[in-house]
Amino acid sequence: MFFDPRRSAANNEQTRGAFVYGGGCDVPIAKNVALRAEYRGFVYKIPDFEMTSLKVDKYTHSAVPSVGLVFTF
């Protein structure tokens, strides 16, 4: 993951490796249309931007659920 703080005391960009996982399914609605539900999760170390006041040395989790329509041809 790439972190780029703007308008803050931390002017350093920082990159963290992340463990990504997820899954999803399609539910048919009609012959060429389906409803898609997805989930993606990211586990990564909290950025500290090389500032001792922000250093917690812990990991966090971000969830990205999504729903959409699928059209097949």
Do Phe19 and Tyr39 belong to the same hydrophobic cluster, where Ile, Leu, Val, Met, Phe, Trp and Tyr are linked whenever their side-chain heavy atoms lie under 4.5 Å apart, directly or via other members?
yes
Quick check for you: to the nearest 0.5 Å, what is the distance between Thr60 atom OG1 and Ile46 atom CD1?
5.0 Å
May I ask whether Val43 and Met1 are part of the same hydrophobic cluster, defined by side-chain heavy atoms of I, L, V, M, F, W, Y residues being less than 4.5 angstrom apart, directly or through others?
no
Could I get the full list of side chain to side chain donor-acceptor pair (under 3.5 Å) partners for Tyr59, not counting sequence neighbours?
none
Can you pull the salt bridge (charged side-chain N to carboxylate O under 4.0 Å, His left out) pairs that have at least one residue in residues 56-73, sequence neighbours excluded?
Lys45-Asp57
Could you note down all residue pairs passing side-chain hydrogen bond (donor to acceptor under 3.5 Å, both in side chains) where residues 23-32 supplies at least one of them, sequence neighbours left out?
Asp26-Arg36
Suppose the criterion is side-chain hydrogen bond (donor to acceptor under 3.5 Å, both in side chains): which pairs have a residue in residues 64-73, not counting sequence neighbours?
Glu38-Ser66
In short, salt bridge (charged side-chain N to carboxylate O under 4.0 Å, His left out) pairs touching residues 15-25 with sequence neighbours left out are Arg16-Asp48
Hey, are the side chains of Val33 and Val70 touching, using non-hydrogen atoms and a 4.5 Å cut-off?
no
Describe, in one word, how the ring planes of Phe3 and Phe49 are oriented to each other, choosing from parallel (under 30°), tilted (30 to 60°) and perpendicular (over 60°).
perpendicular
Between Tyr44 and Ser62 the two heavy atoms that sit nearest each other are OH-OG, 3.0 Å
What salt bridge (charged side-chain N to carboxylate O under 4.0 Å, His left out) pairs are there with at least one residue in residues 64-73, not counting sequence neighbours?
none
CZ of Phe42 to NE2 of His61, rounded to nearest 0.5 Å, is 9.0 Å
State yes or no: do Phe71 and Val67 share one hydrophobic cluster built from I, L, V, M, F, W and Y residues joined by side-chain heavy-atom distances below 4.5 Å, directly or via other members?
yes
